[in-house]
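Heads up, the thing below is written out as structure tokens.
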Protein chains: 2
Amino acid sequence: MKWDALEEEPCSLARTVAVIGDRWSLLILRECFLRKRRFEAFQSSLGITRHLLAERLKKLVRFGVLRRIPYQQSPKRYEYILTQKGLDLYPVIMSIVHWGNIHMVDSRGRPMLHEHKKCGKMFDPVMVCSECGEPVTAKGVHVHPGPGARQAPTAA
Amino acid sequence: MKWDALEEEPCSLARTVAVIGDRWSLLILRECFLRKRRFEAFQSSLGITRHLLAERLKKLVRFGVLRRIPYQQSPKRYEYILTQKGLDLYPVIMSIVHWGNIHMVDSRGRPMLHEHKKCGKMFDPVMVCSECGEPVTAKGVHVHPGPGARQAPTAA
DNA sequence: ATTGACAGTTCTAAAACAGAACTATAAGGC
DNA sequence: GCCTTATAGTTCTGTTTTAGAACTGTCAAT
């Protein structure tokens, strides 16, 4: 299956994987959420090759996750900032970080702590139901085909 | 940077990307959450090559996300089920699906709807603070170095 | 004895990636 | 004017990963 085919799948997970499901995109987005914006900044803190970085940035711009904006004329220089679509990836990033915090840290503990400005405390993200506010677990959810489901009986 | 190096990074996101940050692992896990368990089932519904499927399953078992369990003797046959570590990826999967639902669906609408058994309603997942229960956004969070932070001034 | 189901393994060609060098534009120091 | 530095890429070559198809081994059913 080609990458392009993934985007066309009738599955929201597959389509999102087409955007962020490679080795570098999520790491680039991590840097974006840490307020990094420039090519050299991404390259030096990630250790990604320049070639691949240029390509990934193009991809993220093409998908509307980042916007490429000139920050000076002569010589023209651009920086990359998160669009609203990109900012909306925050729960994805945070849930990944949280899983890593629980299951992948070594004896030294978490590399980062997160403070919720509103309440002032260090917190973990919790996923709850938009309707009743109770936590959501795999076993507590029932799946139904939606209007965009594929007709053939294949998973979506 | 090699995949192995990713696992060693002092960053919970990087370490999690080492587990799920490729093109197929998340799709395999999607099938697991949809109660698929067997090699042939994964292969036929994903269209992944058998070679790569075998390798990815091994990787997920090695990381403790899946467990390989015999379901019959003679001939020996195995199936793959989610461990607790794997079940804990549910918020990651759901936040990815939700982002796709908002930003990647075509005119036909969502391929899938999710019902919260507890309240009986179709819902969206919402990420809230474990301490105060209020929703979490990128701008409402402040990041601090934790005990596992790298000493050199590099992003983690 | 033959077919089919299942869970893989092995092979070759194509695509993606790593690592390093190179290009283009301009500012600043001498 | 000439040299160095900064930034944002592009180009090149060799290695690794992936796609696609065919093949293996074990057993049950016909």
Side-chain angles (χ1 to χ4, degrees), chain A residues 1-9 14 17-28 31-32 35-63 66-82, chain B residues 1-9 14 17-28 31-32 35-63 66-82:
Chain A
M1 189 193 283
K2 306 283 166 51
W3 277 102
D4 297 3
L6 258 191
E7 294 173 44
E8 313 283 319
E9 288 272 305
V17 166
V19 181
I20 59 163
D22 66 82
R23 183 177 182 168
W24 290 110
S25 296
L26 280 169
L27 292 165
I28 292 169
E31 297 301 305
C32 293
R35 275 79 178 173
K36 296 262 175 78
R37 314 179 144 205
R38 299 192 182 167
F39 192 94
E40 297 294 324
F42 294 133
Q43 203 279 319
S44 66
S45 75
L46 291 176
I48 184 176
T49 65
R50 306 176 74 77
H51 176 69
L52 226 14
L53 176 57
E55 202 185 74
R56 286 292 180 274
L57 288 170
K58 265 180 207 155
K59 190 185 83 171
L60 291 170
V61 168
R62 179 162 48 81
F63 277 117
L66 297 178
R67 202 190 323 272
R68 184 166 174 267
I69 300 191
Y71 67 88
Q72 69 171 36
Q73 310 293 329
S74 77
K76 274 222 166 187
R77 294 277 184 264
Y78 297 90
E79 60 186 8
Y80 297 86
I81 64 162
L82 288 161
Chain B
M1 191 192 281
K2 307 283 165 52
W3 278 102
D4 298 1
L6 257 191
E7 294 173 42
E8 313 283 319
E9 287 272 304
V17 166
V19 181
I20 59 163
D22 66 83
R23 182 174 182 171
W24 290 110
S25 295
L26 281 168
L27 292 165
I28 292 169
E31 296 301 306
C32 293
R35 274 79 178 173
K36 297 263 176 78
R37 316 179 143 204
R38 300 194 181 167
F39 192 94
E40 297 294 324
F42 294 133
Q43 203 280 320
S44 67
S45 75
L46 292 175
I48 184 176
T49 65
R50 307 176 74 77
H51 176 68
L52 227 14
L53 176 57
E55 202 185 73
R56 287 290 180 275
L57 288 171
K58 266 180 208 157
K59 189 185 83 171
L60 292 170
V61 168
R62 180 161 47 81
F63 277 118
L66 298 179
R67 202 191 323 272
R68 184 168 176 264
I69 299 190
Y71 67 88
Q72 69 171 36
Q73 309 293 330
S74 79
K76 272 221 165 187
R77 293 276 184 266
Y78 297 90
E79 61 186 8
Y80 297 85
I81 65 162
L82 289 161

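In what follows, chains are A, B, ... by sequence order, proteins preceding strands, each numbered from 1.
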Scan nucleotides 17-22 of chain C against the protein and return all N/O pairs shorter than 3.5 Å with their distances rounded to 0.1 Å.
from   : atom 1 : to    : atom 2 : distance (Å)
C/dC17 : OP1    : A/R56 : NH2    : 2.9
C/dC17 : OP2    : A/R56 : NH2    : 3.3
C/dA18 : OP1    : B/M1  : O      : 3.4
C/dG19 : OP2    : B/M1  : N      : 3.4

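In this structure, B/K59 forms no cation-pi arrangement with B/W24, as its terminal cationic atom is not both closer than 6.0 Å to the ring centre and no more than 45° off the ring axis.
Separating the CD atom of B/Q43 from the C1' atom of D/dA21 is a distance of 11 Å, rounded to the nearest angstrom. In this structure, B/K36 places its NZ atom 13 Å from P of C/dC6, rounding to the nearest Å. One interatomic measurement links the two molecules: CG of B/L53 to C1' of D/dG20, which rounds to 15 Å at whole-angstrom precision. In this entry the distance linking CG of A/L57 with C1' of D/dT7 reads 14 Å, nearest Å. As rounded to whole Å, 14 Å separates atom P of C/dA7 from atom NZ of B/K76. Rounded to whole angstrom, the span from the CD atom of B/Q73 across to the P atom of C/dC6 amounts to 17 Å. Remark: C1' of D/dT17 and NZ of B/K59 are 12 Å apart, rounded to the nearest angstrom. Atom CD in B/Q72 sits roughly 14 Å away from atom P in C/dA5 (whole-Å rounding).
Between the CZ atom in A/R67 and the CG atom in A/L60 there is a gap of 13.5 Å [rounded to 0.5 Å].
If you check D/dG9, C/dG8, D/dA8 against the side chain of A/A54, the one that comes closest is D/dG9. Which of D/dA8, C/dA7, D/dG9 sits closest to the side chain of B/Y71 comes down to C/dA7. Taking only side-chain atoms of A/R68, from C-beta outward, the nucleotide of D/dG9, C/dA24, C/dA7 with the closest atom is D/dG9.
Using a cutoff of 4.0 Å between basic side-chain nitrogens and carboxylate oxygens, B/E31 and B/R38 are not scored as salt-bridged.
A donor-acceptor pair is defined here as one N or O able to donate and one able to accept, closer than 3.5 Å; such a pair exists between the side chain of A/Q43 and the backbone of A/I48.
Listed pair A/Y78 / C/dT25 fails the phosphate criterion, with no side-chain N or O lying under 4.0 Å from OP1 or OP2. Between B/K58 and the phosphate of C/dT9, there is a side-chain N or O to OP1/OP2 separation shorter than 4.0 Å.
Take B/E8 and apply the side chain to side chain donor-acceptor pair (under 3.5 Å) test, not counting sequence neighbours, and it matches no residue. By the side chain to side chain donor-acceptor pair (under 3.5 Å) test, B/R35 is found to be paired with no residue, residues two or more places apart in sequence or in another chain being considered.
Within 4.0 Å (heavy atoms only), A/F42 reaches no atom of the nucleic acid at all.
Taking all atoms of both residues into account, the shortest heavy-atom contact from A/F42 to A/C32 is CZ-SG, 3.8 Å.
Between A/F39 and A/P75, the residue whose closest nucleotide on DNA chain D is further toward the 5' end is A/P75.
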